[in-house]
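Both backbone and side-chain heavy atoms feed into the values below; hydrogens, waters and symmetry mates do not.
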Amino acid sequence: MPPATLVPDGSGEPPYVDGANLTGLVAENPSLGVEGLLALALNASGAERCRLQQQAEELLQDVACPSFFDMVSCWPRTPPGTLAVLPCFAELKGVQYDSSQNATRFCSHDGTWANYTDYDRCQHIDQPSPLPSFEPEIELPTLIYFVGYSISLAALVLAVAVLVYFKDLRCLRNTIHVNLFLTYIMSSSLWILILSLQITVKLEDAGCIFLVTLFHYFSTTNFFWMLVEGLYLYMLVVQTFSGDTLRFRKYAIIGWGGPLIFVGAWAIAKPFFGSSANLEHPNKLEIECSWMRESHIDWIIQGPSCAVLVINLIFLLRIMWVLITKLRSANTVETRQYRKASKALLVLIPLLGITYLIVIYGPDGGVGSHIFAITRAILLSTQGFVVSLLYCFLNSEVRQTLRHHFYRWRDERNILSGKPCFT
């Protein structure tokens with residue numbers, strides 16, 4: 001290292017010394033002890049380096065300010081009457097500073113340091129907060145779920161209002177539809193609520209457990225009401241009995257009461273066996289509540305849901321076989337009704353939850369897993385919207401009822417205003 005550069009007193013300013021040039025101040029001393037201590041000092045850092053330098057400087061006889069550590073920087077041995085200069089630190093306690101500027105500390109003529117270090121030029125750098133990394137396999141599906149559930153929620157609420165408000169539409173079939181729509185509404189609302197609270201505020205344990213349990217309950221009732229839809233159609237088409245032979249009370253016990261058994265068992269087992277949840281692959285968002293993490297205990301509620309999908313698939317295949325058999329018979333009025341029903345078989349797929357079977361398993365890695373996650377998010381989040389669209393807004397009976405009430409409202413309005421009525 002070259003000798004330190006000094007600015008003489010004759011310049012009108014105190015002499016300056018570059019704090020990095022330590023060896024130049026002791027280069028004329030051939031002592032092995034000094035060289036050894038300096039070698040240690042160069043390999044040390046912070047307060048330890050200053051301590052080693054001080055030990056080396058004890059062998060020197062000239063008057064100078066000794067090496068000094070001010071809890072931020074290590075000021076080197078400096079001749080008296082000299083202003084020592086060090087570059088500003090680049091980072092301190094996680095804050096970035098402008099290292100192109102210098103800090104100074106004055107060494108008095110009697111070989112003692114001034115009482116303070118001038119760090120006024122060391123200004124911190126205002127850096128813009130870094131944008132969060134965007135990971136399509138995690139964040140994009142979450143965004144799609146949020147948008148899809150929001151659209152489904154709005155459509156389902158409007159569909160329930162239509163089916164409940166108009167008395168012409170009140171029947172067992174539509175009552176079952178309404179209950180299925182309600183499960184979609186509750187599960188979508190709770191998903192959006194939990195996600196919003198997870199982003200904005202930290203959920204307390206009690207609140208998290210309550211919301212997560214409710215979410216699992218309504219998600220499970222969604223599957224069980226799909227089972228009710230399949231059972232109703234099966235009895236109507238295959239068993240050739242009227243679906244009304246099973247009263248709504250029995251359907252309600254299946255749809256609302258069945259999930260209580262499985263979700264209750266899950267809630268009891270979760271505190272005891274859910275602590276070994278898979279923590280290696282958490283969601284992108286920070287999960288504070290352990291009940292929100294997936295574990296093997298979740299199969300207590302996932303198993304019955306999968307069983308419901310399989311049963312509905314059997315119902316769908318059986319209904320399809322019966323309709324195909326009916327179509328082979330003579331072209332009677334009854335057959336034409338079955339032909340009309342056969343065209344609606346594809347419409348039954350979202351109603352019976354067969355969509356879940358399509359996306360129940362996918363690739364684990366690569367581009368295929370990203371595409372699968374996005375496709376799954378689109379299909380599942382918009383299923384409530386599709387069901388409300390097919391079984392309410394596009395239903396001929398509902399459209400005829402709405403058209404009838406609109407015409408009647410228009411005629412009444414025209415009569416009150418004295419205008420002629422046109423139909």
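Contact detail for Trp113 and Pro66: the closest heavy-atom pair is NE1-O, 2.6 Å. Closest approach of Val308 to Leu227, counting heavy atoms only: CG1-CB, 3.7 Å. For Pro259 against Thr220, the heavy-atom pair with the smallest separation is CB-CG2, 3.7 Å. Annotation for Ala267 and Pro271: closest pair O-CD, 3.1 Å, computed over non-hydrogen atoms. Summarising the geometry of Ser188 relative to Tyr149, their closest heavy-atom pair is OG-CD2, 3.4 Å, with the distance given to 0.1 Å. Smallest separation of non-hydrogen atoms from Ser388 and Phe181: CA-CZ, 4.0 Å.
For Tyr119, the ring pair (Phe, Tyr, Trp, His ring centres under 6.0 Å) partners are Phe89, not counting sequence neighbours. Applying the side chain to side chain contact (heavy atoms under 4.5 Å, CB included) criterion to Gln101, with sequence neighbours excluded, gives Cys88, Asp98, Arg121. Looking at residues two or more places apart in sequence or on another chain, you find no disulfide bond (SG atoms under 2.5 Å apart) involving Cys392. In terms of the ring pair (Phe, Tyr, Trp, His ring centres under 6.0 Å) criterion, Phe385 has no residue partners (sequence neighbours excluded). Taking Phe223 as the reference, Tyr356 meet the ring pair (Phe, Tyr, Trp, His ring centres under 6.0 Å) condition, with sequence neighbours excluded. With sequence neighbours left out, His404 forms a ring pair (Phe, Tyr, Trp, His ring centres under 6.0 Å) with no residue at all.
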**OP:** Please lay out, stage by stage, how Glu397 and Arg173 fare under the test salt bridge (charged side-chain N to carboxylate O under 4.0 Å, His left out).
**Re:** CA-CA 12 Å; Glu397 182 183 0; Arg173 182 186 71 256; 2.6 Å; yes
Subject >> Candidate pair Tyr391 and Val398, rule side chain to side chain contact (heavy atoms under 4.5 Å, CB included), full reasoning >> reply: CA-CA 9 Å; Tyr391 288 90; Val398 174; over 6 Å; no
Subject >> Residues Asp168, Thr401; criterion side chain to side chain donor-acceptor pair (under 3.5 Å); working and verdict >> reply: CA-CA 7 Å; Asp168 302 347; Thr401 300; 4.7 Å; no
Original post:
Taking it one step at a time, do Tyr217 and Thr221 satisfy side chain to side chain contact (heavy atoms under 4.5 Å, CB included)?
Top reply: CA-CA 6 Å; Tyr217 172 72; Thr221 57; 3.6 Å; yes
**OP:** Before giving the answer on side chain to side chain contact (heavy atoms under 4.5 Å, CB included), spell out for Tyr145 and Leu380 the whole-Å C-alpha distance, their side-chain angles and the decisive distance to 0.1 Å.
**Re:** CA-CA 8 Å; Tyr145 274 118; Leu380 298 187; 4.0 Å; yes
Subject >> Stepwise side chain to side chain contact (heavy atoms under 4.5 Å, CB included) check, Leu86 with Asn102 >> reply: CA-CA 6 Å; Leu86 284 178; Asn102 296 322; over 6 Å; no
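Arg170 has its side chain out of reach of Thr175: every pair of non-hydrogen atoms, C-beta onward, lies at least 4.5 Å apart. When side chains are defined from C-beta on, Leu153 counts as touching Ser189, because their heavy atoms get closer than 4.5 Å. Taking the side chain as every heavy atom from C-beta outward, Phe146 and Thr142 never approach each other to under 4.5 Å. Within the 4.5 Å cutoff, the side chain of Asn174 has heavy atoms near those of the His177 side chain. You'll find the side chain of Tyr184 reaches within 4.5 Å of the side chain of Gln383, heavy atoms only. Residues Tyr97 and Glu91 fail the side-chain proximity criterion, which asks for heavy atoms closer than 4.5 Å. No side-chain heavy atom of Phe106 sits less than 4.5 Å from a side-chain heavy atom of Thr82. Annotation: side chain of Leu211 is in contact with side chain of Leu197 (closest heavy-atom distance under 4.5 Å).
Annotation: the span from Tyr116 atom OH to Asp118 atom CG amounts to 6.0 Å, rounded to 0.5 Å. Here the CG atom belonging to Leu233 is positioned 5.0 Å from the CD1 atom belonging to Ile319, to the nearest 0.5 angstrom. For the atom pair Leu163 CG and Ile176 CD1, the distance stands at 12.5 Å (nearest 0.5 Å). Here the CG-CZ distance, from Asn395 to Arg399, works out to 9.0 Å after rounding to the nearest 0.5 Å. With rounding to the nearest 0.5 angstrom, the CH2 atom of Trp191 is 8.5 Å from the CZ atom of Phe215. Note that OH of Tyr234 and CD1 of Ile314 are 9.5 Å apart. Values are rounded to the nearest 0.5 Å.
Side chains of Thr117 and Asp70: a donor-acceptor N/O pair is present below 3.5 angstrom, by distance only. Side chain to side chain, Ser67 and Arg77 fail the donor-acceptor criterion of an N or O pair below 3.5 Å. Judged by distance alone, the side chains of Asp298 and His216 never bring a donor and an acceptor atom under 3.5 Å apart. Asn179 and Trp256 share a side-chain donor-acceptor pair at under 3.5 Å.
In this structure, Thr183 contributes its side chain and Phe218 its backbone to no donor-acceptor pair below 3.5 Å. A donor-acceptor distance shorter than 3.5 angstrom exists from the side chain of Arg105 to the backbone of Ala114, with no hydrogens or angles considered. At distances below 3.5 Å, at least one donor-acceptor pair connects side-chain atoms of Ser305 with backbone N or O atoms of Ile301.
Of the residues listed (Val387, Asn312, Ile311), the one engaging Met226 in a side chain to side chain contact (heavy atoms under 4.5 Å, CB included) is Asn312, and it is the only one.
For an aromatic pair to be called close, the ring centres must be under 6.0 Å apart, and Trp75 with Phe68 fails this.
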